[in-house]
Each structure stands twice: as structure tokens, then as C-alpha cells.
Colleague: 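Pasting in a structure now, in C-alpha cells, and then I'll have a few things to ask.
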Protein chains: 2
Amino acid sequence: MALTSGDVELFRREFLELHSYDQAQYYLQLDPGVRETVYHYLSPNEMADIYVHIDVDQIVNDSLMQEMSPRYASEMLQNMFADDAVDVLNELDKNQVASYLTLMNAEAAKEIKELLHYEEYTAGSIMTTEFVAISKNQTIRSAMYILKNEAPNAETIYYIYVVDELKHLVGVLSLRDLIVAHDDLMVHEVMSDRVKSVMVGEDQEEVARMMKDYGFLAIPVVDFQEHLLGIITVDDIMEVMDEEATDDYSKLAGVSDLDVVDVSPFSAAKKRLPWLIILLVLGMVTASIIAQFEETLDKVALLAVFIPLIAGMAGNTGTQALAVAVRGIATGEIQNKSKRTLLLREAGTGLITGITCGILITIGIILWQGTLVLGILVGFSIFASIFVATLAGSFVPLIMHKVNIDPAVASGPFITTINDLLSIFIYFGLATLFMNYLL
Amino acid sequence: MALTSGDVELFRREFLELHSYDQAQYYLQLDPGVRETVYHYLSPNEMADIYVHIDVDQIVNDSLMQEMSPRYASEMLQNMFADDAVDVLNELDKNQVASYLTLMNAEAAKEIKELLHYEEYTAGSIMTTEFVAISKNQTIRSAMYILKNEAPNAETIYYIYVVDELKHLVGVLSLRDLIVAHDDLMVHEVMSDRVKSVMVGEDQEEVARMMKDYGFLAIPVVDFQEHLLGIITVDDIMEVMDEEATDDYSKLAGVSDLDVVDVSPFSAAKKRLPWLIILLVLGMVTASIIAQFEETLDKVALLAVFIPLIAGMAGNTGTQALAVAVRGIATGEIQNKSKRTLLLREAGTGLITGITCGILITIGIILWQGTLVLGILVGFSIFASIFVATLAGSFVPLIMHKVNIDPAVASGPFITTINDLLSIFIYFGLATLFMNYLL
């Protein structure tokens, strides 16, 4: 590109031809030194379009905005849609935010400040205040006129929200309705008054589920008195869906965060060690349980051979049951009424899988070791462990959900290790009980 | 509701007041017997709006459409958007599909047949053919006129695609541009010719990523000659994102499917047993490895105590690394160039976590058992296992991705069991080597 050659005109012509997402990709792979030039070649307004497509974490980690002059940065922020600007500011430190806000024009600063103090992961934190609202007592023609003027600034013009004199949300009108409607009709004749909205404090995951279920492109956000505060657009919802999916996924794997590249091994290790150390301790507990049975082990060392098998099976079935329950809660498929159904179902599943695996392993051991008793012992232990593990796997997340803890916290490794412990106890307990037959 | 009372008018008034999603929820919780009445009270066209909001699996599992007369069902299907109808038909058996298609009007049947033979999970399978396309050589006014007429039938009117005489895609125009543009301008003066499109055979996950990155509400689908075949709208993409997330998640947990409720324990067990049996076999391999070391075990039964701890740690670190790699590939964060970076990073992470856990466990065992040698043995084994497991966890999915297998197939339980095996081998290998010091 003409960036290094210093030909501003050529660069702008080539660069602005690209879609803003591609502009962002190009911008990101430049060296900080070269980026300096970009800030001279592009206006803060043009840079704002680019920044919408850059992951907030990356903006912060690579401290991209420190490369710009504070004035340039703040002007860029004020040209972004308020909600996107807020996403960025939320991650910066207080002083930086303050200085940017003071450099902005008062109006933009006010809009952003309003959004800044909504809690993260709530509807308020992802809504934008740039939307089109019209009064119910005007003609379609005048509504259309307003729309044409607002279009450039609004984040979406495909839903137009209708408010009364007191700014209460009273209806909605899709641009589609507007276009096909006759110009002389009144807005309230055309609008739908069955408008769905979310409370400003609503959980973003809940908002995402609602927009997906109803197939909305945008949804209005209201306070407890039904005042229209802002709207949430589908592009932000797609980000949320990605976040939430990654979140459940990482918890199932026991990683606090899934930053993939450009992260030092140390920070990566820091994110995994907390879990590993908890599991280390739980592992020691399991070890001490086995130690209780050392006498048994001394008599029949062969018992040790099947420890990983039994623990492993218990761990895996537990994880399966856990995943079903957690995902079911996340997608909203599991309502309170269906919880009992699920537990009964899982109990049945545990029985069937347990019996099947138990019988298979018994046969396997008889063929391999030629000892009936050991076969039955291991087989029965596997059956019991799988049954218990399946119940534990589905029960734990449901309990957590009931007491309003994110069930995904009962992550895979945790359930696995707990089930290791239970299964080992079952196995050696039975072995000790029936020692006489084993010898 | 007035359903049982037999008051058609009252029922229709109350029912049609609801949003079609809520109508679907109400419809689904009725008894099959009562639903019969609904089919008499509502037109196939009205039912079509409802069915868009019903999960396809549920339609099939509860064989809902068998409750309707074939004529009613086919008329409903022809009133749905082609892509939604196809989603349903794809799940029904050939004969049923055939009979529905014959009952439909020829045009609708043709549209659907065209879509039916696109492979599942490709752009073609989720696109719709109901879109607005205009020619580049007409005025904005005439385009607006076309739009007003097409609006009721098109799935979205917010992007209008521009084609040349040979139906090649040459540009795109958002309704927003259309509204603010002057009526007498020509379409090609206003349209953007930098229109992004996807090939009909493109993977739906890739399409979803693209729409999310670029923030599109719809994207055009073309064949290899750039002919415009259809469009994909954001509501379908949200379904895809949900599918793909659940898919990765279930694979990490080793469940082939996450059907939550309304599933018999038997079908649930059938979905989990394949994995469990594979793992059972792998577990037997692990067992036979330990059996090789029975002599060692006989000498120092205490060794058995730490088997679950070591296997567990290896399994968990492996799963963590796996999750990072799989999710990174899924979100597209991992490009080929960054694969080496990731592996190096993971190697470093493995070293750090391994050393930390190794030292902790060594100290723990010295304090608990008071034996230095055993402590060092277990500590070193933990270190080595974690290091190997971390590398395996990130290496396996990357390899799979390279050979175009869905990396998520390297599911958690699988990696876990493989790592159990490796770690046990390391542990007993070392124990046997240094037996003299242990005694």
C-alpha cells in the first residue's frame, strides 16, 4: 500500500475502498511506528468506523489508543456509536476515561457518561442511545421525513419506536410497515402496540435469547416506568452470544479465559493454575482415601490396575451429564418444571449406561485375567460409579441454578475430580468388604 | 382461552393478538387432541408464522405435522419462507416430503426443491430465495416502487441486491441508502459495488463468522460464476451460532447430542454409550499398562495411592489446552500463521504449570508421608505428565484442523483418557527405574 511512500491521496483512495472490517484487519497488522502515520492520514471520524471492528481486549492489551494523541482518541470515541465507545471506555482506567471525556464535546460526553454507569452484562451496558423515536400523533409522511434526517446518526432505522408525550414506549413500527403504509395515515394507526421490551437491568444472555426466539433485529430498553432509554441491536447480540458460548465452554474445560494468541505463557498459566491447584488438593484427598485401603492393596496389588479405568469412567459420565444440564439451563430449555423430569431421565440413563459398561468390563476382565470375582467387583464398581456420577453431574448444576450461581461454574474438571473420589471410595470399599473372596 | 369453549371468533381475537413466538409456545403446550381444533380455527398461512418459531427437532420428535391433514400441512409449508420450510422437510422422510411437494402449488414446490438438494451445513442449505433484487439501470424511484410491492413477500428488505442483465451480483444498496438518496439518481450511482458474498457451498460456520465480523444483517449467496442465488439473513445465522456453540460444547463433554428434556433415558444412553465404550477400551489399555508394572506395585503398594492424582492432573491440563485450541479455531482467532505461536505458548504454559504443581505436590507428599524420594518421584511425574498433556491437548486439534477434520472431535474425554494413559506410563516407568531408591 501507498502508506510508506507518503502519498496521502493514493493511500486514502485505496484504503477507504475497503470495508471497515478489512480496514481494521489491515490497520492491526501494521507496526506501531507505521500506525502513527495512519493517524495523520485518516480523520478521527474515519478511525471510529475502523475501531468498531476491533476486539476491545486487543485495544487494551496492545494499548492501541495510547498511540494516538488524547485529542484524536477522544474525537474518535465521540464519533463512535455511544454503546461501542462505552465498551472501550469500560476497559480503560479511570483517569484515561476522565481525560477523554473532558476533551469531548459536552453532548457526546453526557451520552457516554449515562451509559457508563450501567452494570456489565446487563441490557443497559450493551444498549445504544442513538435510535429513532417518533410520536404516535403524527402522519407516516412526517415520520418518514424525520427518519430521512435521523438515518445517518441512528444505529438502526429498521425499527422505529413510538413514544407518548412522557417518553413512554407505546408502540413499534418497522421500516417495512412504514414504507408500505399510506403517507396520510397516522402513526398510531399503523404501529403495533404489542411492542416487546427489556428492562435496563436485564441479563444480556436473557436479552440475546429473547431476540433469537422472536427474531428481532433490535429491541427497546426501558426503565421500570416503561420510559424508553435505548435500544439493543442484533450485531451487539451476536457478540454477546459468542461471549456466553465461549464462557460456558471455557468453564467446562476449567480455564478461566480462552485468550488464544498474543498471550505470554505466564498469563496463560496464571489463568489455568487456580483450577489445577484446587484439583491438586482434591487429588490429594483421593490419594489419602486410597491410603486408607493400603492394607487391602497390599493383599491384592492387582486392584490398583483398575483405578484409572474406574475413576476415568466416573469422570467422563459425570461430565456428560453436567454438559447436558448446563447447556439446557443456558439455552433455557430447562425450566423449573422440567428439572424433575431431567433428574429422573438422568437416573435412568445412569442405570442403563452403568449396567452396560459394568457387564462389558466384567466379561473383559474374566477373559483377560480369568478371575470371576475380580471381574464382578470391578464391573459392579463401574456400574455404581457411573450411576452416582451421572446423578452428581446433573444434580450439582441444577442446585447451583436454584441458588442463582452460574451452573457453568461446576466445571468439567471439578465434577470429574469429585467423581474420581466417589468412585475410588466405592471401588475400594467393596474390595475391602469382599476381600475374603478376592484372596 | 376460548379454545375449548368453541368460540372461534373470541379465540382468534385473543390468539392473534400474541406475537407469533408466544403463539408457538401456547400451541406447543396444548394436548394433541386440542391442537386438532387449532388447525380448524387457524388458516395454514397463520400456522406458517407459528411454525417458524418451533424447533425442527421438536416438530419431528413429536410428529406434530402428522396431526394435520396433508393438504393443510403442505399449504402451511408453502406459506413459510422457503428456507424455513426446507429446514423442516430436510428432517422428514422422503415419502412424506414427496407427498407434501405434490400437494403444493407448482411454483412454491419448485423453489423448495431447488433448496432441498443443497448439502446440510452449507450456505445453500440456510439461504432463502425470497429476496429483493433490482437492476443497476433504474432510478431510485422505480427501485423504491419495486420494493413497496415486494416487501410483503421478501424475507428482508433492508438490503437490496443489484444484478446485471445476466443476473450477476454487481452491487448492494441498503434500504437506508435508498431512503436518503435522491429519487432521480440511478441505482448504480448510489449502490456500493464492494458487495461481499459467500459461495453456495461455503460452510455455515464460516458464513456466521463473516456476518458477525462485518456486522451484516444479510449476505448474498452466489455460484462460482457470481450469479445471485439467494440470501442468508441474520436470524438464521443466530440459529447457526447456537448450533455450532452447542456442538463444540457437547463434543468437549463427549456427548453426541445435548437433547435435554422429552428424551427417553434409552435414547439418551444411546447417545453417550459409544463414547463410554471407546473410553472403556482405552481404560483397559491403561489397566494393562499398569499390569505390566505389577511387580513394581507389589514392592511398593503405596505407589497406587497417587495414580488418580497423576492421571487426573494430566487429564485436566490436557482438556484446558484442548479447549483453548478448539475454541480458537472455531472463532477463527487461530490462523495458520499463529499455529506455531500457539504451540510454543502452550509448551511454555505446560512448563510453568507443570513445575508449579510438581513442586507443590512434592512438598505435600514430604509433609504427609515423610518420604523424600516418593515425593520427588510423584512430583516429577506430575510435571512431566502436565507438560506432555498440555502439548497433546493443543497439538491434536491443530493436526485435525490441518487435515480438515473438525478439531472438536478430539473431545475432552478422549484427550483425558489418552493423557491418563501417557501419565501412568511416565509414573510407573520412572518408579521402576528408580525402584532401588524407593525401597
Side-chain angles (χ1 to χ4, degrees), chain A residues 21 148 151 157-158 176 179-180 212-215 234-235 238 241 245 249 252-255 258 260-261 265 268-269 272-273 276 279-280 283 286-287 290-291 297-298 301 304-309 311-312 316 319-320 323-324 327-328 333-334 338 341 345 348-349 352-353 357 364 413 417 420, chain B residues 21 148 151 157-158 176 179-180 212-215 234-235 238 241 245 249 252-255 258 260-261 265 268-269 272-273 276 279-280 283-284 286-287 290-291 297-298 301 304-309 311-312 316 319-320 323-324 327-328 333-334 338 341 345 348-349 352-353 357 413 417 420:
Chain A
Y21 172 75
K148 287 193 185 196
I157 59 164
Y158 301 135
R176 199 191 198 110
I179 285 178
V180 294
K212 190 175 126 294
D213 289 343
Y214 286 95
V234 72
D235 54 314
M238 285 202 273
M241 288 175 71
Y249 189 83
L252 182 63
V255 204
L258 285 173
V260 175
V261 272
R272 303 185 201 179
L273 272 171
L276 293 178
L279 301 173
L280 208 55
T286 317
I290 303 184
L297 261 172
D298 274 326
V305 168
F306 300 100
I307 293 177
L309 176 66
N316 292 326
T319 312
Q320 290 179 324
V324 171
R327 194 67 196 165
E333 270 189 84
I334 296 181
S338 56
T341 332
R345 205 278 306 280
T349 315
I352 299 165
T353 49
C357 295
T417 315
D420 281 3
Chain B
Y21 171 76
K148 287 195 185 195
I157 59 165
Y158 300 135
R176 200 193 198 109
I179 285 178
V180 292
K212 190 175 127 295
D213 288 342
Y214 287 95
V234 72
D235 54 315
M238 287 204 273
M241 287 175 72
Y249 188 84
L252 183 63
V255 204
L258 286 172
V260 175
V261 272
R272 301 184 202 180
L273 272 172
L276 293 178
L279 301 174
L280 208 54
M284 286 300 274
T286 316
I290 303 183
L297 260 170
D298 272 329
V305 168
F306 299 101
I307 293 177
L309 175 66
N316 292 326
T319 311
Q320 289 178 325
V324 172
R327 194 66 196 165
E333 269 188 85
I334 297 182
S338 56
T341 333
R345 205 277 307 279
T349 314
I352 300 164
T353 47
C357 295
T417 316
D420 282 2

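Chain identifiers are assigned alphabetically (A, B, ...) following the order of the sequence lines, protein sequences preceding nucleic acid strands; residue numbering begins at 1 within each chain. As a basis for the values below, the full set of heavy atoms in this structure was taken, side chains included, without hydrogen atoms, waters or symmetry mates.
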Colleague: Any idea which of B/Ile352, B/Thr319, B/Asp235 has the most non-hydrogen atom pairs under 4.5 angstrom with chain A?
Modeller: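 Of B/Ile352, B/Thr319, B/Asp235, B/Ile352 has the most heavy-atom pairs under 4.5 Å with chain A.
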Colleague: For B/Val305 versus A/Ala287, what's the shortest heavy-atom pair and its separation?
Modeller: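 Where B/Val305 meets A/Ala287 most closely, the heavy atoms are CG1-O, 3.1 Å.
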Colleague: Looking at A/Tyr158 and B/Tyr158, what are the two nearest heavy atoms and their distance?
Modeller: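 What the structure gives for the nearest pair is CD2-CD2, 3.2 Å.
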Colleague: Could you pull out the closest heavy-atom pair between B/Val180 and A/Lys148, with the gap in Å?
Modeller: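 Answer, listing the atom of B/Val180 first, then A/Lys148: CG1-O, 3.6 Å.
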Colleague: Kindly write out the residues that satisfy side-chain hydrogen bond (donor to acceptor under 3.5 Å, both in side chains) with B/Thr349, not counting sequence neighbours, or none if the list is empty.
Modeller: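 For B/Thr349, no residue satisfies side-chain hydrogen bond (donor to acceptor under 3.5 Å, both in side chains) once neighbours in sequence are set aside.
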Colleague: So, for B/Arg327 and A/Ala245, which heavy atoms are closest and what is the spacing to 0.1 Å?
Modeller: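 Smallest heavy-atom distance, with atoms named: NH2-CB, 3.8 Å.
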Colleague: Return the option, out of A/Ala269, A/Gly215, A/Gly364, A/Gly348, with the maximum number of heavy-atom pairs under 4.5 Å with chain B.
Modeller: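 If we count pairs closer than 4.5 Å to chain B, A/Ala269 comes out on top.
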Colleague: What heavy-atom pair brings B/Met241 and A/Met238 nearest, and what distance separates the two atoms?
Modeller: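 Looks like CE-O, 3.4 Å.
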Colleague: Taking every heavy-atom pair that is under 4.5 Å apart, which of A/Asp213, A/Thr417, A/Ile290 has the most such pairs with chain B?
Modeller: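 Among A/Asp213, A/Thr417, A/Ile290, the one with the most close pairs to chain B is A/Asp213.
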Colleague: With a 4.5 angstrom heavy-atom cut-off, could you sort out which part of A/Leu280 is near chain B: side chain, backbone, both or neither?
Modeller: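 Both parts, backbone and side chain.
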Colleague: In terms of heavy-atom pairs under 4.5 Å with chain A, which of B/Ala268, B/Ala311, B/Gly312 leads?
Modeller: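 Most heavy-atom pairs within the cutoff with chain A belong to B/Ala268.
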Colleague: Not counting sequence neighbours, which residues clear side-chain contact (heavy atoms from CB on, under 4.5 Å) with B/Ala304? List them please.
Modeller: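 Per chain and number, B/Ala304 pairs via side-chain contact (heavy atoms from CB on, under 4.5 Å) with A/Leu297, A/Ala304, A/Ile307, B/Leu297, B/Ile307.
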Colleague: Specify which of A/Asp298, A/Leu279, A/Leu276 makes the most heavy-atom pairs with chain B at under 4.5 Å.
Modeller: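 Winner by heavy-atom pair count: A/Leu276.
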Colleague: Report which part of A/Thr353 has an atom under 4.5 Å of a heavy atom belonging to chain B: side chain, backbone, both, or neither.
Modeller: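 Backbone plus side chain of A/Thr353, per the 4.5 Å heavy-atom cut-off to chain B.
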Colleague: Name the option with the most non-hydrogen atom pairs under 4.5 Å to chain B; the candidates are A/Ile157, A/Asp420, A/Thr286.
Modeller: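 The candidate making the most pairs under 4.5 Å is A/Ile157.
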